[in-house]
Amino acid sequence: TLFVGVLVASAYGGAGLAEGMTISSQLKVQAIAIVATVAWSAIATYLLLKVIDLLLSLRVDSDDELQGLDLSEHEEVGYNF
């Protein structure tokens, strides 16, 4: 909390805390914002991938996977062994 206190301290160029706000209450608000952002990103990504999966296939055929995607998708050899 010392680091956060330095960042918001008006003596060090920060904006300072809002009236009635403490460092711990500010950290609580920021923690809630982080959790909300992660949840929103996870849900949005899941929904977008589901829509794309309905329109296109996200997986390749098992034969193409065994053959190698360099050859089946791009018609070139990725590695010469």
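Keep in mind that what you see is a predicted model, and the values were worked out from it rather than measured.
For residues 36-59, the pairs satisfying salt bridge (charged side-chain N to carboxylate O under 4.0 Å, His left out) are R59-E65, with sequence neighbours left out.
Summarising the hydrophobic clusters (Ile, Leu, Val, Met, Phe, Trp, Tyr; side-chain heavy atoms under 4.5 Å, direct or chained), the residues clustered with L69 are V60.
With hydrophobic clusters built from ILVMFWY side chains whose heavy atoms lie under 4.5 angstrom apart, V51 shares a cluster with L56. Under the 4.5 Å side-chain heavy-atom criterion for ILVMFWY residues, no single connected hydrophobic cluster contains both V35 and V38.
Atom OG of S62 and atom CD of Q67 lie 11.5 Å apart (nearest 0.5 Å).
Contacts of L49 classified as side chain to side chain contact (heavy atoms under 4.5 Å, CB included), with partners at least two apart in sequence or in another chain: T45, L58.
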Only pairs under 3.5 Å count here: list side-chain donor-acceptor contacts from residues 70-78, not counting sequence neighbours, and write none if there are none.
{"unit_1": "S72", "atom_1": "OG", "unit_2": "G68", "atom_2": "O", "d": "3.1"}

